[in-house]
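Note sheet for the following structure.
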Amino acid sequence: VYHRDITPRNIQVTSLGSGRPRFGLVDFGLAVSAENWRTQEGPCDLGGDGRYWPPSAWFVFGNGVTELRRHPTMYHEYTRCLDIHSLGLTGVQCFVQMLPKLGVAS
């Protein structure tokens, strides 16, 4: 399954008894079958928050899937690794938000 909307608002963080955080992914409203996405004649149904799209999704937005097929590396990203970019951005953002707040020097 490709979630297609991995953002901090769709990550649930709970604390286990040991105090270690536990992460979960919620809101699968835009999810698609990975197998169908990879084999469709044109996986061009963009979804989710554009701030978390991979470069290949922006390429599809501007140029279409037909043009994307001429760029094998980006086509691979778009059809095989769709959520990796947004998961990385979300992970960094969640990590930074969990850091202790630093005091402001006067």
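Because only heavy atoms are used, hydrogens play no part in the values below, and waters and symmetry mates are left out as well, while side chains stay in.
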Say whether, by atom type as modelled, one donor and one acceptor occur between the side chain of [X] and the main chain of [Y] under 3.5 angstrom.
| X | Y | result |
| --- | --- | --- |
| Y2 | R80 | yes |
| W37 | Y78 | yes |
| D83 | R4 | yes |
| N10 | D5 | yes |
| Q12 | G24 | no |
| N63 | F59 | yes |
| W53 | F61 | no |
| T90 | I6 | yes |

Any link between Y75 and L46 through a network of hydrophobic side chains (Ile, Leu, Val, Met, Phe, Trp, Tyr) touching at under 4.5 Å?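 Result: yes, single cluster for both.
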Measuring only between side-chain heavy atoms, which start at C-beta, is [X] closer than 4.5 Å to [Y]?
| X | Y | answer |
| --- | --- | --- |
| S86 | R51 | no |
| Q93 | Y52 | yes |
| L25 | I11 | yes |
| M74 | W58 | no |
| H85 | L89 | yes |

Test side-chain hydrogen bond (donor to acceptor under 3.5 Å, both in side chains) applied to S56 and H76, H71, E77, the passing residue: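 Of H76, H71, E77, side-chain hydrogen bond (donor to acceptor under 3.5 Å, both in side chains) with S56 is met by E77 alone.
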What is the distance from atom CG of L87 to atom CG of L82, rounded to the nearest 0.5 Å?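 Result: 11.5 Å between the selected atoms.
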Is the H3 to F28 ring centre distance short of 6.0 Å?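 Centroid separation for H3 and F28: below 6.0 Å.
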Using 4.0 Å as the upper bound for N to carboxylate O, is an ion pair formed by R9 and D27?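 Here D27 does not pair with R9 in a salt bridge, since their nearest N and O are not under 4.0 Å apart.
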Would you name the heavy atoms of G48 and L30 that are closest together and state the gap between them? N-CD1, 3.3 Å
